[in-house]
Amino acid sequence: MSASLAAEAAEIPLSSKLEANLDGLRQALGASDDFTLRRLDNGCALVYIDGLVDSDTVSRDLVAPLLTLAEEERQSLASSGKLITELRSRLLAAGELRAAASLTTVIDAVLNGSTVVLAEGLEEALTAGTPGWERRAVEEPKTQTVVRGPKESFTETLRTNTSLLRRKIRSPKLRLHTLRIGRVTQTQVALAYIEGVADEGVVRELRRRLEDIDTDSILESCYIEEFIEDSPYSPLPTLANTERPDAVAAGLLEGQAAVFVDGTPFVLLGPVTFFNFLQSSEDYYQRYDIATFIRLIRYVSFVVSMLLPAMYIAITTFHQEMLPTTLLISLAAQREGVPFPAFVEAMIMEVTFEVLREAGIRMPRVVGPAISIVGALVLGQAAVQAGLVSAAMVIVVSFTAISNFVIPALNVTVAARLVRFLLMILAATLGLFGIVAGFMALLIHMASIRSLGVPYLSPLAPLNLSSLKDAIVRMPWWTLKTRPQGLAHRNRKRQKDGMRPAPPKGEQGS
């Protein structure tokens, strides 16, 4: 429904004349083929959108009970003012029965999968929750897989997603507030948090930003993300997204808030710090020493994915003295037949890899392996034999790409790819001095941005020693007594003291 139509309909209260109400609905919804109007002989009518409702529920819980109401009884109840009470308490068996007094409310209910019951002599309507559209089953996550851990992911249905969260957090403190955003799409958006754990100021600010969104359509959570994030011009994301219910539950338990959007399996989480993007759910499903080792590898891989091509360009172009003589001779021999400088050589390989990567994502699965074969040939032996690139450059680009895949958050991998190209340009013009300047500028930028008011580099800057237990490393669970200070300002204690496992005193060796 357009905004003008909504404004016009808002001024029209429901009439006691059934035909007048039905005419208003016909005008508002037009001549759509899926608009279904079913009139009964006793002066009642049902209105719904075919395909959005469960037809079995409508027939069993609404149509069958209404057919037992005689015309004379309906007139008697309508004249005494008891018709709507009788419909709600005795006749209709459907759940979520709500009264509606305006045409806008009725149209909104119909477009959201409800069936509306209208009757002659009744100035109100009853909306019954009968949604029944096709839904995707809960499946294994596609983008955030783990070896050990839950194998379920969110779907495109909002209520399915919130129920998955409720199964993880069975606490009355879990709060869900639903809004409608999008003048045309009227998309349901739910804000979730745990009362007493999440910062009230953060929740209030997040809700204000959601309510301030005034656009015609919300089709995915990225629409919401770009409207509410703190630093819209930064390549670094300031909100996390995930399709894992356990990741959302863990975030809420640490004091974050989640934004569910109907129609997408990706849920937004905020506030976040930079360190959240390099952590995986699996870090908490395996021993702390293994998790810490893998987490450190991710940090190294993140730095490598940004710096390695730039370092190669700078050293081979400006700082050859830094290389051992044997290695320098080997690299010079490899580059003897290459007609391009190292920077152009690296750009050719990086752009080629980005094209192949994008093509591999967009191509249908049946022809996807063909892209891999072509990519391997182009990026491998053929490019070297043609004299376009050196073998060392193939190794550099390949290791850079593999390092980029280690990062669990896809939006951070994109940021690392963009930064990599900037650092390559600086390396080709200023050498290592350009790389250092660019890296320092990146750190200063990261220290200056916020995520819903939380410093992006927290707990490293500003320094908070207690929160560092779960930032760069992952200490044992029994040492993580408090929630991160940057996310949860109150109710920080999440487990009691003395949880370290130890054998009972006096029974050792017995």
Side-chain angles (χ1 to χ4, degrees), residues 131 133-179 187-198 202-203 206 210 218-225 228 237 239-273 275-286 291 407-412 451-452 470 474 477 480 483-484 487-488 494-495:
W133 52 81
E134 293 295 326
R135 302 174 183 179
R136 184 167 64 93
V138 176
E139 299 174 346
E140 189 173 350
K142 298 287 195 305
T143 59
Q144 295 169 320
T145 57
V146 295
V147 176
R148 178 177 177 178
K151 305 291 184 183
E152 58 186 9
S153 67
F154 289 126
T155 69
E156 285 75 16
T157 306
L158 178 66
R159 280 294 162 238
T160 302
N161 296 343
T162 55
S163 66
L164 288 171
L165 180 62
R166 284 282 184 190
R167 285 183 54 200
K168 301 286 183 187
I169 304 176
R170 304 183 187 191
S171 167
K173 297 290 187 181
L174 177 61
R175 298 285 183 264
L176 285 167
H177 297 295
T178 305
L179 306 88
T187 306
Q188 282 188 306
V189 177
L191 173 62
Y193 62 94
I194 299 178
E195 188 177 15
V197 176
V202 170
V203 173
L206 188 53
L210 290 173
I218 298 293
L219 299 179
E220 215 276 339
S221 55
C222 186
Y223 285 51
I224 299 286
E225 182 178 354
I228 65 175
L239 289 173
N241 66 76
T242 179
E243 57 174 343
R244 297 187 60 86
D246 57 328
V248 173
L252 297 190
L253 289 168
E254 289 196 339
Q256 293 177 311
V259 178
F260 292 78
V261 179
D262 192 31
T264 177
F266 289 95
V267 176
L268 301 177
L269 269 176
V272 294
T273 66
F275 304 101
N276 291 130
F277 293 105
L278 296 183
Q279 298 171 0
S280 166
S281 299
E282 201 171 10
D283 290 354
Y284 304 95
Y285 303 149
Q286 55 189 349
I407 303 168
L410 187 62
N411 44 4
V412 171
S451 171
L452 297 173
D470 190 26
R474 208 276 275 173
W477 263 115
L480 304 178
R483 299 182 173 89
L487 302 179
R494 56 180 164 193
Q495 62 189 16

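- Inspection of the Q144 and T242 side chains reveals an N or O donor paired with an N or O acceptor under 3.5 Å.
- Residues L206 and V259 meet the side-chain proximity criterion, which asks for heavy atoms closer than 4.5 Å.
- Taking 4.0 Å as the cut-off between side-chain N and carboxylate O, E156 and R136 count as a salt-bridged pair.
- By the 4.5 Å heavy-atom criterion applied to side chains, P237 and V412 are counted as neighbours.
- Side-chain contact of Y284 with D246: a donor-acceptor pair under 3.5 Å is absent, judged by distance alone.
- Within the model, atoms CD of Q279 and CZ of R474 stand 10.5 Å from one another, a figure rounded to the nearest 0.5 Å.
- Shown here is R167, whose CZ atom has no more than 12 heavy atoms of other residues, nucleotides or ligands within 6.0 Å.
- By the neighbour-count criterion of 12 heavy atoms within 6.0 Å, atom NZ of K173 is sparsely surrounded, having that number or fewer from other residues, nucleotides or ligands.
- E152 places no side-chain N or O within 3.5 Å of a backbone atom of P245 that could act as its donor or acceptor partner.
- Within the 4.5 Å cutoff, side-chain heavy atoms of P150 are placed close to those of K168.
- At least one side-chain heavy atom of L176 sits under 4.5 Å from a side-chain heavy atom of R166.
- Although no hydrogens or angles enter the test, the distance criterion places a donor-acceptor pair under 3.5 Å between the side chain of E282 and the main chain of R148.
- At least one side-chain heavy atom of F260 sits less than 4.5 Å from a side-chain heavy atom of V248.
- Judged purely by distance below 3.5 Å, without hydrogens or angles, the side chains of N276 and T273 pair a donor atom with an acceptor atom.
- No side-chain heavy atom of T187 sits less than 4.5 Å from a side-chain heavy atom of L219.
- Between L253 and R494, the closest side-chain pair of non-hydrogen atoms is not below 4.5 Å.
- In this structure, a donor-acceptor pair under 3.5 Å is present between the side chains of E220 and T264.
- V272 has its side chain within reach of Q256: a pair of non-hydrogen atoms, C-beta onward, lies under 4.5 Å apart.
- Of all heavy-atom pairs spanning S221 and F266, the tightest one is OG-O, 3.1 Å.
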